[in-house]
Structure formats: C-alpha cells, structure tokens
Amino acid sequence: MFKEIFQKLENAVNPVAQVVQNTSCCKVMVIAFKKGMILKEHKTDVSAKLLVVKGSVIYKEQSQQEELFLYDEKNIPVAVLHSVEAIEDSLCLLFKG
C-alpha cells in the first residue's frame, strides 16, 4: 500500500490520499505529501484526527496555524475550514469518525 502511494506521489502535483480502512464507524486514510504541497481548504463532516508519521506539516485553521512534527496529532473539528501544507516530504494518517 505505501509503495503504491509513494509511486503515485512521484508524478503528483497535489497530495496523494488513499483509504486504508472504511467501516460503518470509521475511516482511516493515508495522505502523502512532497515538500511544499498543499491540501487545499476543506471541511470535514465528522470528527477527525491527523497524525504525522513521517516529516512535518503546517495545519492551518481560520487565522491560526500549527506546525506538526513526527508523531504529533491534531484533532480536526467538524465544519471548520482547514488546510495542510508540507514543510518537508511527509506522510500522515487521517482518522475520521
């Protein structure tokens, strides 16, 4: 799974996301970034948590931003605009639900 994501990332201009698990109660996704890539502003309709497993990213929410490093996690509130930018090549897990 990770090999496939990194292969897709080689030619990508946007972050690459793939669902790892999707059940009736939760969804787990992997999101891979090259340095400088931005996951554009969006909202979530369920509670979510972002976990950095490689690299570092900047989580932006409204007028605030927070740098997240290896193994840092961030709770993402429902219905709030947010974005994520890679400070370096990064890999994150996103838990929804």
Side-chain angles (χ1 to χ4, degrees):
M1 167 188 47
F2 289 111
K3 282 184 182 182
E4 182 182 319
I5 291 169
F6 287 124
Q7 287 174 346
K8 289 179 182 176
L9 189 62
E10 286 178 13
N11 299 317
V13 294
N14 293 309
V16 175
Q18 183 170 325
V19 175
V20 175
Q21 182 173 357
N22 191 5
T23 66
S24 59
C25 66
C26 64
K27 180 190 275 189
V28 179
M29 298 179 70
V30 174
I31 307 171
F33 299 83
K34 285 189 230 174
K35 179 180 179 177
M37 281 186 167
I38 298 172
L39 185 60
K40 295 178 183 177
E41 272 194 331
H42 61 283
K43 295 179 184 180
T44 180
D45 55 352
V46 297
S47 61
K49 180 179 285 191
L50 185 70
L51 171 65
V52 179
V53 293
K54 178 186 177 208
S56 56
V57 299
I58 298 172
Y59 173 84
K60 298 177 182 179
E61 179 183 295
Q62 298 171 350
S63 61
Q64 301 174 354
Q65 67 179 36
E66 181 179 348
E67 289 186 22
L68 303 174
F69 299 97
L70 187 62
Y71 307 129
D72 283 345
E73 55 187 63
K74 178 69 180 175
N75 289 321
I76 302 172
V78 174
V80 173
L81 275 175
H82 61 280
S83 63
V84 180
E85 180 177 351
I87 298 170
E88 57 186 310
D89 291 354
S90 300
L91 189 70
C92 298
L93 292 176
L94 179 67
F95 302 89
K96 295 179 82 173

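- For the pairing with Leu39, the side chain to side chain contact (heavy atoms under 4.5 Å, CB included) check across Val57, Leu50, Val84 returns one residue only, Val84.
- At least one donor-acceptor pair under 3.5 Å links the side chain of Lys34 to the backbone N or O of Glu10.
- Of the possible polar contacts, none joining the Lys60 side chain to the Glu85 backbone as a donor-acceptor pair under 3.5 Å is found.
- For the pair Phe95 and Leu93, the tightest heavy-atom approach, listed with the atom from each and the gap, is CE1-CB, 3.9 Å.
- In terms of heavy atoms, Pro77 sits closest to Thr44 at O-CG2, 3.5 Å.
- Ile76 and Val19 fall within the same hydrophobic cluster, where Ile, Leu, Val, Met, Phe, Trp and Tyr residues are linked whenever their side-chain heavy atoms come under 4.5 Å apart, directly or through other members.
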Tabulate below the donor-acceptor pairs under 3.5 Å that side-chain atoms of residues 21-28 make, not counting sequence neighbours, or state none.
residue : atom : partner : partner atom : Å
Thr23   : OG1  : Cys25   : N            : 3.4
Thr23   : OG1  : Cys26   : N            : 3.2
Thr23   : OG1  : Cys26   : O            : 3.3

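- The shortest side-chain heavy-atom distance between Met37 and Leu9 falls under the 4.5 Å cut-off.
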Quiz prompt | From CA spacing to verdict: side chain to side chain contact (heavy atoms under 4.5 Å, CB included), Val20, Gln18 | solution = CA-CA 6 Å; Val20 175; Gln18 183 170 325; 5.9 Å; no
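- Linking Ile, Leu, Val, Met, Phe, Trp and Tyr whenever their side-chain heavy atoms come within less than 4.5 Å leaves Ile58 and Leu81 in two separate clusters.
- At a threshold of 4.5 Å between non-hydrogen side-chain atoms, the residues Ser83 and Glu41 count as touching.
- Nearest heavy atoms, Leu68 versus Tyr59: CD1-CB, 4.0 Å.
- In terms of heavy atoms, Glu66 sits closest to Lys74 at OE1-NZ, 3.0 Å.
- Hydrophobic clustering of Ile, Leu, Val, Met, Phe, Trp and Tyr side chains at less than 4.5 Å, counting indirect connections, unites Val30 with Phe33.
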